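Below, chains carry the letters A, B, ... as their sequence lines are ordered, and counting in each starts from 1. Model, not experiment: these values are computed from the prediction.
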2 protein chains.
Amino acid sequence: MLTIGQLAKHAGVSTKAIRVYHAKGLLPEPDRDASGYRRYDAQAIIDLTQVVTLAQAGVPLARIRDVLDADTDQATEQIDRIDAELRAHIRRLQQRRTRLRHFDRPDRLCLPPEAIEFMDRLRGIGLSERHEHAIRDGFILGYALAADLTRTILPSRTALLGDDEYVAVLRGYDDAIDWSPDDPRLDELADAATRLALRMTMVSDLPGFDRVPSETIDLLTGHLGIDSPAWERLDQLITRRLTTATQVRNTNTTG
Amino acid sequence: MLTIGQLAKHAGVSTKAIRVYHAKGLLPEPDRDASGYRRYDAQAIIDLTQVVTLAQAGVPLARIRDVLDADTDQATEQIDRIDAELRAHIRRLQQRRTRLRHFDRPDRLCLPPEAIEFMDRLRGIGLSERHEHAIRDGFILGYALAADLTRTILPSRTALLGDDEYVAVLRGYDDAIDWSPDDPRLDELADAATRLALRMTMVSDLPGFDRVPSETIDLLTGHLGIDSPAWERLDQLITRRLTTATQVRNTNTTG
DNA sequence: TGCGACCTTGCCCCAAGGGCAAGGTCAAGG
DNA sequence: CCTTGACCTTGCCCTTGGGGCAAGGTCGCA
């Protein structure tokens, strides 16, 4: 006769595991000796080995009894089901790996592949890390709040990275981060940015723009990503210029 | 400003998950409004999306802060480590599937591949299910208690399945399961089994037999696997005949 | 008689939340 | 003004498969 420790050693598991299997009804509780110790026979080794083998093969404890008690047909079916679950689990993990491999640099963290391509090209421009992160965060926000819209506009933004005027404005923003909001150079930069904006596709002209709630748009446009008074001032200046320009354009169109 | 439910919807997670991330320090607790509700801004969407993306990619919550706070080199290293863990996990699951596929029939349950081959050939002989299971259990016990010895003797046992005398004795045992222990046919069967045993390799002659503790041998030989008085009687009869035969042999050898 | 190794039960712990309870809050409609 | 339903708050218990510890009883050996 064996003690629980000896049984555990024979089956290669912990005594705790055996007690758990007793508690879950996977193994019958054996007789006790005079002092209350569990006493096992050879059959217990067989029973335990079956449970342990199935458990290590990935069968959930709650279903091991079903597998062991099943006859041939049922057993095949049970094993097939568990195998299918294992297969699905493996597929999920492999998808995780694929996604994870894109996240090996902080500047691409958590972006979909097409945005990662943009970030990789943006990197060649040599902006500050703060600025790159702010742009990355803008994409994360864009994908979270209006994925379709963001996906739609991305190709044109990517193309702009080959546009000297766009790159110059980007560099201008980079330089301006720590300027005072009263810095006179901001007007010049706002002019350049406004010229650029008028040349670019307006987000509000994109298909699907109407389907995005206005609060969502406010969230998107209200977030600069960097706490820079100069950028806030730039935002004001450009908005003012664009409003004027749009009014003029509308006047021209309707007049 | 967003409530926790709106934030959850934007990021595609449950409000509970967000609270858990707050509790684990993955996300900063936002300010509360007058009635104690959490109020979030756009930055919270970005932060949460990063956490959720990494969590869904399989990064343990406890390590997400490290990944997010890491600079380029560290991030690469962290991601590499997590990727390696995922890879190892996938390999383990694939091994499970391989083992599991062998277990699609109860008569092979929990056996190593070489024993499964034996059981498959044994099946052709057409013994009763009870008998087949007892033999399977004998192998499970053998592998649990003395794997090397069992592995060593298995090829010769497999070969015996082509031996008419061995098969006849197996069938004899199968018939005898429910006989009375006084049945006179048991003597005949014991004779046949003893002739066979003398022709077979004795387990005690195998290399490594000495290294198996005698209590383990007792466990192995003491287990018949089926509660059959006739089999117990057979065991007695054969042991008596073998003891005599061995004594005679020893006398012949030493004399 | 003592020591170390073993056994017993019971309790708390891990990840990553799910679910529910009890109570407070908000906006809309009657 | 009141109700209703949807939302928010905290707190507690549940899941899987055990690990670890505590307090106490027991075994074999010197």
Side-chain angles (χ1 to χ4, degrees), chain A residues 1-27 29-41 44 48-67 82 85-86 88-89 92-93 96 213 215, chain B residues 1-27 29-40 44 48 50-67 82 85-86 88-89 92-93 96 213 215:
Chain A
M1 300 296 271
L2 305 161
T3 65
I4 195 171
Q6 292 167 328
L7 174 64
K9 221 164 269 174
H10 283 312
V13 294
S14 65
T15 60
K16 177 72 169 215
I18 296 177
R19 293 202 186 95
V20 169
Y21 299 156
H22 285 317
K24 297 211 183 245
L26 292 179
L27 291 178
E29 276 277 3
D31 294 338
R32 310 294 182 111
D33 69 10
S35 47
Y37 287 19
R38 293 178 178 84
R39 288 296 168 176
Y40 297 92
D41 57 12
L48 174 57
T49 302
Q50 292 193 337
V51 170
V52 168
T53 307
L54 289 177
Q56 286 177 352
V59 180
L61 296 196
R63 274 160 63 190
I64 286 182
R65 267 267 60 90
D66 294 343
V67 174
I82 294 163
E85 285 166 21
L86 271 178
H89 193 164
R92 272 200 304 278
L93 290 184
R96 286 183 179 184
E215 310 92 58
Chain B
M1 300 298 273
L2 304 161
T3 66
I4 195 172
Q6 292 167 328
L7 174 63
K9 221 164 268 174
H10 283 312
V13 294
S14 66
T15 60
K16 176 73 169 212
I18 296 177
R19 293 202 186 94
V20 169
Y21 299 156
H22 285 318
K24 299 215 181 241
L26 291 178
L27 291 179
E29 276 277 5
D31 294 338
R32 310 293 183 112
D33 68 9
S35 46
Y37 288 18
R38 293 178 179 85
R39 288 295 169 176
Y40 298 92
L48 174 57
Q50 292 193 337
V51 170
V52 168
T53 307
L54 289 178
Q56 286 177 351
V59 180
L61 296 196
R63 275 159 62 190
I64 286 183
R65 266 268 60 89
D66 294 344
V67 174
I82 293 163
E85 286 166 21
L86 269 179
H89 193 166
R92 272 200 305 278
L93 289 184
R96 285 182 179 184
E215 309 94 57

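Base contact: A:R19 has a heavy atom under 4.0 Å from a base atom. Residue A:R32 is classed as a sugar-phosphate contact, given heavy-atom separations below 4.0 Å to backbone atoms only.
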Pairs under 3.5 angstrom, nitrogen or oxygen only, protein versus nucleotides 22-25 of chain D, please.
from   : atom 1 : to    : atom 2 : distance (Å)
D:dG25 : N2     : A:Y37 : OH     : 2.6

Could I get a table of every N or O pair under 3.5 Å where one atom is in the protein and the other is in nucleotides 11-16 of chain C?
from   : atom 1 : to    : atom 2 : distance (Å)
C:dA16 : OP2    : B:L61 : N      : 3.0

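With sequence neighbours excluded, the residues satisfying ring-ring contact (aromatic ring centres under 6.0 Å, His included) with A:Y40 are A:H22. For A:E215, there are no salt bridge (Lys or Arg N to Asp or Glu O under 4.0 Å) partners at least two apart in sequence or on another chain.
A straight line from CD of A:Q6 to P of D:dT26 spans 19 Å, rounded to a whole angstrom. Between the CG atom of B:D33 and the P atom of C:dA27 there is a distance of 10 Å, given to the nearest Å. Regarding B:L7, its CG atom lies at a distance of 15 Å from the C1' atom of D:dC7, rounded to whole Å. Rounded to whole Å, atom C1' of D:dC8 lies 15 Å from atom CG of B:L2. Rounded to whole Å, the distance from CG on A:D31 to C1' on C:dT8 is 17 Å. For the pair A:I18 CD1 and C:dT9 P, the interatomic distance rounds to 13 Å; values are reported in whole Å. Put simply, NE2 on A:H22 is 16 Å from C1' on D:dG17, counting in whole angstrom units. Summarising the geometry, the separation between OH on B:Y40 and C1' on D:dC7 is reported as 14 Å, rounded to the nearest angstrom.
In this model, the phosphate group of D:dG19 is approached by a side-chain N or O of A:S14 to a distance below 4.0 Å at OP1 or OP2. Put simply, B:T3 has no side-chain N or O that comes within less than 4.0 Å of OP1 or OP2 on D:dC7. For B:R38, no side-chain nitrogen or oxygen approaches OP1 or OP2 of D:dC8 to under 4.0 Å.
For the pair A:A34 and A:A17, nearest-nucleotide mapping onto DNA chain D gives the more 5' position to A:A17.
In this structure, CD on A:E85 lies 4.5 Å from CZ on A:R63, to the nearest 0.5 angstrom.
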Counting only pairs under 3.5 Å, give me each side-chain donor-acceptor contact of residues 8-20 of chain A, with atom names and distances, residues two or more places apart or in other chains.
from  : atom 1 : to    : atom 2 : distance (Å)
A:S14 : OG     : A:A17 : N      : 3.1

Could you go through A:M1 and A:D41, starting from their C-alpha distance and side-chain angles, then the distance that decides it, and tell me whether this counts as side chain to side chain contact (heavy atoms under 4.5 Å, CB included)? CA-CA 5 Å; A:M1 300 296 271; A:D41 57 12; 4.3 Å; yes
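Crowding of B:D33 atom CG: a count of heavy atoms from other residues, nucleotides or ligands under 6.0 Å exceeding 12.
Results of the side chain to side chain contact (heavy atoms under 4.5 Å, CB included) test with B:R39 over B:L7, B:I4, B:T3 single out B:T3 as the only residue that passes. Of the residues A:L54, A:V52, A:L61, A:L48, the one that meets the side chain to side chain contact (heavy atoms under 4.5 Å, CB included) test with A:L26 is A:L61.
Taking five base pairs at each end of the helix from C:dT1-D:dA30 to C:dG30-D:dC1 and finding the rotation axis that steps the C1' atoms of four pairs onto the next four gives two axes whose angle is 30°, to the nearest 10°.
Minimum heavy-atom separation, A:A57 to B:R96: O-CB, 3.3 Å.
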